[in-house]
Amino acid sequence: MRRLSLLALIVAGGASTAHADANPDTNVSADSQIESVTVTARRREEAVQDVPLAVSVLNADKIESTGTINVGRLSQLQPSVQFYSSNPRNSSVNIRGLGTPFGLTNDGIEPGVGIYIDQVYYNRNATATFDFLDVEQVEILRGPQGTLYGKNTTAGAVNITTRKPTFTPEARIELTRGNYDYTQSKASVSGPLIGDKLAGRLSTSYTSREGTIYNVTTGQHINELDNLGVKGQLLWQASNGFKVTFSADYTEQDPLGYGQVWAKTGSTQRAPARQYAALAAASNNYQPPSFNPFDRLTDLDSELSATQQFGGASVLAEWKIGPGLLTSVTAYRKWDWGPSNDRDFVGLPITTISENPSKQRQYSQELRYSVAGEKIDYVAGVYGFYQTVDTNGVQEQGPLASRWLLSGANANNPDILNGLRSENDIGLKNTSVAAFGQLTWHITDDLRLQPGLRVNYDKKEGKYIATVTNGTNTALTAAQLGVLAPQSYRPVFDDTNVSGDFTVSYDVSDDVLAYVTYARSFKSGGINLSGLPLDANNQPITAVETVEPESTNHYEAGLKTQLFSRSVTLNLSAFWTDISDYQATVTNSQANVIRGYLANADKVRVRGVELELNTRPIDSLLLYANGSYTDHEYVKFPDAPCPPELSGGQAASAANPPSAPGTPNGFSPASCDISGQWLPGISKVALSYGLEYELPISALGEDGGVYFAYDGSYRSRFSSNPSRSIYTDIGGYGQSNFRAGARFGTGWNVYGWVRNAFAKDYPEFYSTQSGSTGLVVAQLGDPRTYGLTVNKQF
């Protein structure tokens with residue numbers, strides 16, 4: 001039988017300086033073995049190598065030393081994780097390319113990747129932008145997880161565990177300084193409060209950095225960091241079999257950001273006089289501050305703001321009853337978002353106000369019972385979730401809006417659109433309840449069968465009310481209605497589904513585990529809460545106000561091995577995922593559209609292989625390499641939005657059906673068949689790799705060591721538009737990060753670091769200006785950064 005003491009892979013080289021015991025049956029030293037890691041991926045503690053699941057683990061040392069300050073930066077260490085963000089609200093976390101539709105956020109659907117912190121589900125993807133706070137371990141679970149986790153997660157889960165209160169006094173402090181005026185400070189303290197019954201922990205973190213883009217209009221650096229977080233915990237050890245952890249946290253961000261830079265232009269199907277070059281010439285010969293995006297200059301003239309407060313409280317109760325453990329997780333979370341954006345992307349008064357401040361509240365209750373037996377292990381639970389979102393958005397057009405958004409004589413009359421204003425009242429009530437369970441039957445010591453089942457009910461009720469005024473107290477004209485039109489609709493969606501999975505795992509030997517999995521899962525349907533396309537009478541097309549659930553068939557096979565007396569850990573997985581009614585972002589054909597709406601693509605497919613390698617060939621050297629190859633495509637999507645080069649012209653008709661690239665100038669189909677094309681955001685090849693070499697030393701009577709580490713990553717070309725475009729592919733690029741330092745004395749660690757050491761210029765993604773002008777703007781990756789970190793454990 002496999003033992004929980006088996007040594008485990010720490011994916012991405014996350015081993016600490018501690019080592020496992022030597023294998024008594026070999027001559028291999030303990031120092032050359034890979035450290036054991038315990039995970040809770042299956043809601044019970046077990047060695048990661050014993051889990052028949054594609055799960056990767058990063059420990060606190062790896063997270064802190066590599067500058068992985070939030071979930072968004074996991075993508076540089078984990079090839080299967082993708083993260084994109086134009087601002088915190090418009091963030092997406094995907095695993096294997098699946099999770100959240102690529103594009104701007106729509107509150108009416110669920111993320112497919114669940115983020116859990118101390119067993120509490122965080123519904124907002126903005127969570128990914130918050131600093132890690134006293135984190136002990138991060139587990140990344142790939143593939144559907146609905147039979148084990150409270151909220152249904154069809155693409156995977158990021159399971160974050162923070163350090164708990166201790167009855168032994170301890171403290172940690174860390175200080176970092178770097179270029180761009182980078183400052184980060186972290187501190188935590190823990191210890192007993194009342195004997196051996198009550199312990200507490202208090203953790204804080206503060207991060208600031210000057211912005212990496214200079215706005216010549218305001219004379220300010222934008223896209224800065226300004227994050228403050230605090231978390232307090234109380235552990236009540238009522239008895240040997242009953243304990244309760246009370247947690248409360250608050251995080252605030254108030255950076256000046258976010259903004260993009262001019263990247264390039266391309267031709268669309270608009271008339272030449274209505275494309276970017278002609279429009280810029282007609283706007284006093286406008287030119288951006290630089291035609292090279294990596295000069296990191298912009299001239300945005302609208303107010304920029306990205307203030308958010310995130311916080312909540314939870315009660316985690318664990319009670320040993322009979323042969324198992326009863327767990328209750330009660331939680332409340334809040335998120336307040338106060339943005340302001342420049343959504344025309346240039347220093348011209350086209351759209352002068354664009355903001356959608358939002359308030360989100362969520363309540364959740366999970367009750368779970370787990371048993372680990374000789375022949376049968378099982379987890380069974382129920383889950384309830386309720387969420388409200390209230391958004392009050394404003395969009396206002398400026399004196400150049402007519403020039404850029406209208407045609408003919410109307411384009412020469414700034415009074416038509418100047419001051420045209422839409423005020424939006426948007427609301428969501430989201431209720432989800434579920435029962436779930438998973439059973440492991442040990443048929444023999446080596447062979448196990450693991451079925452899982454979930455029954456889920458979801459209901460979403462929303463409202464979208466847009467009130468449009470023109471500042472003149474007169475009726476809206478046809479030209480004004482074509483840009484901003486009043487809308488009012490109240491979508492409702494509810495559905496019940498049954499999903500499940502089945503895994504067979506077999507111990508080929510003590511150090512080799514093989515498994516195969518089939519999962520049938522559903523991502524809840526949703527409602528469109530960003531406005532609907534309009535018909536010929538400027539009325540919302542309510543037929544598309546709801547979005548059907550995604551249905552997923554997932555197949556996976558994996559091999560987990562420990563070789564050469566456990567000095568090498570090699571894990572392999574292969575997967576194939578078919579999704580019907582894939583939830584995709586599509587684009588309204590109106591000139592003013594800033595946010596797309598949601599629709600269902602008929603079918604997509606994502607399949608690939610993943611490798612994780614970790615080895616310690618000699619006592620002082622740790623090597624790791626992780627890689628993924630992912631093949632992906634829209635198998636069937638005949639009525640998709642067209643790419644920018646085919647947008648902005650005439651509507652398709654029976655005489656002019658939709659066509660492929662090569663459409664005559666002046667014609668643009670209302671939709672395009674993109675079957676067989678790439679999904680957005682997914683590289684076929686993604687890699688992470690690195691090493692750490694440590695040389696023991698003694699100085700001033702203290703034992704310690706000096707070390708050098710390298711962490712590299714690479715990803716191949718990917719599309720950054722929902723429909724692949726000749727203008728918006730991101731070319732492949734790699735990054736190299738270095739660090740070197742010394743560990744000495746009692747808990748001291750001092751090291752210097754440099755990220756993006758070779759100053760690779762790369763865009764994280766491209767966006768296109770609304771109105772089919774042909775302008776493409778870029779969200780840039782960070783430049784080279786460097787600094788010094790000192791931390792101490794007491």
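Below, each value reflects all heavy atoms present in this structure, side chains not excepted, and no hydrogens, waters or symmetry copies. Here, residue 1 is the first one in the sequence, and each next residue gets the next number.
- Aromatic ring orientation, W262 versus F291: perpendicular (interplanar angle above 60°, classes split at 30° and 60°).
- Ring pair F130/F310 is tilted by interplanar angle, where 30° to 60° counts as tilted.
- Judged by a 6.0 Å distance limit and a 45° cone about the ring axis, K792 is positioned over the six-membered ring of F794.
- Residue D118 forms a salt bridge (charged side-chain N to carboxylate O under 4.0 Å, His left out) with just one option from K231, R163, R333, and that option is K231.
- Between S91 and F83, some side-chain heavy-atom pair lies under the 4.5 Å cut-off.
- When only modelled atom types and interatomic distance are considered, Q184 and T207 share a side-chain donor-acceptor pair under 3.5 Å.
- In terms of heavy-atom proximity, T129 sits nearest to A126 at OG1-O, 2.7 Å.
- Side-chain contact of N179 with T785: a donor-acceptor pair under 3.5 Å is absent, judged by distance alone.
- Scored by the salt bridge (Lys or Arg N to Asp or Glu O under 4.0 Å) test, R715 finds no partners at all (sequence neighbours excluded).
- Note on ring orientation: taking the six-membered ring where Trp is involved, the planes of Y733 and Y762 are parallel (angle under 30°, cut-offs 30° and 60°).
- Shown here for S190 and R201, the closest heavy-atom pair between the two residues is CB-NH1, 3.1 Å.
- No hydrogens or angles considered: a donor-acceptor pair under 3.5 Å links the side chains of Q253 and N227.
- At a cut-off of 3.5 Å, with distance as the only test, no side-chain donor of D301 or T217 sits close to an acceptor on the other residue.
- A salt bridge does not link R73 with D131: none of the charged nitrogens is closer than 4.0 Å to a carboxylate oxygen.
- The side-chain heavy atoms of Y707 and N749, taken from C-beta on, include a pair separated by under 4.5 Å.
- A cation-pi arrangement is found for K264 relative to Y766, the charged atom lying closer than 6.0 Å to the ring centre and inside a 45° cone about the ring normal.
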(request) Evaluate the side-chain contact (heavy atoms from CB on, under 4.5 Å) criterion for residues S683 and Y714: first the C-alpha distance (whole Å), next the side-chain angles of each, then the deciding distance (0.1 Å), finally the verdict. (result) CA-CA 10 Å; S683 296; Y714 170 80; over 6 Å; no
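- Counting non-hydrogen atoms of neighbouring residues, nucleotides and ligands closer than 6.0 angstrom, the OH atom of Y786 reaches no more than 12 such neighbours.
- When every heavy atom of P165 is checked against every heavy atom of Q233, the shortest pair comes out as CG-CB, 3.7 Å.
- Take Y286 and apply the side chain to side chain donor-acceptor pair (under 3.5 Å) test, not counting sequence neighbours, and it matches D299.
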(request) Check step by step if side-chain contact (heavy atoms from CB on, under 4.5 Å) holds for K164 and L235. (result) CA-CA 8 Å; K164 298 295 183 287; L235 171 61; 5.8 Å; no
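- Ion pairing between a basic and an acidic side chain is recognised when a charged N comes within 4.0 Å of a carboxylate O; D61 and R743 show no such pairing.
- The two residues T768 and F345 make their nearest non-hydrogen contact at O-CE1, 3.9 Å.
- Across all their heavy atoms, G338 and P357 have their closest contact at CA-CB, 4.5 Å.
- Between V216 and P289, the shortest heavy-atom distance links the atoms CG2-CB, 4.0 Å.
- No hydrogens or angles considered: nothing links the side chains of Y84 and Q82 as a donor-acceptor pair under 3.5 Å.
- Inspection of the T68 and T66 side chains reveals an N or O donor paired with an N or O acceptor under 3.5 Å.
- Ring planes of Y116 and Y121: tilted class, angle from 30 to 60°.
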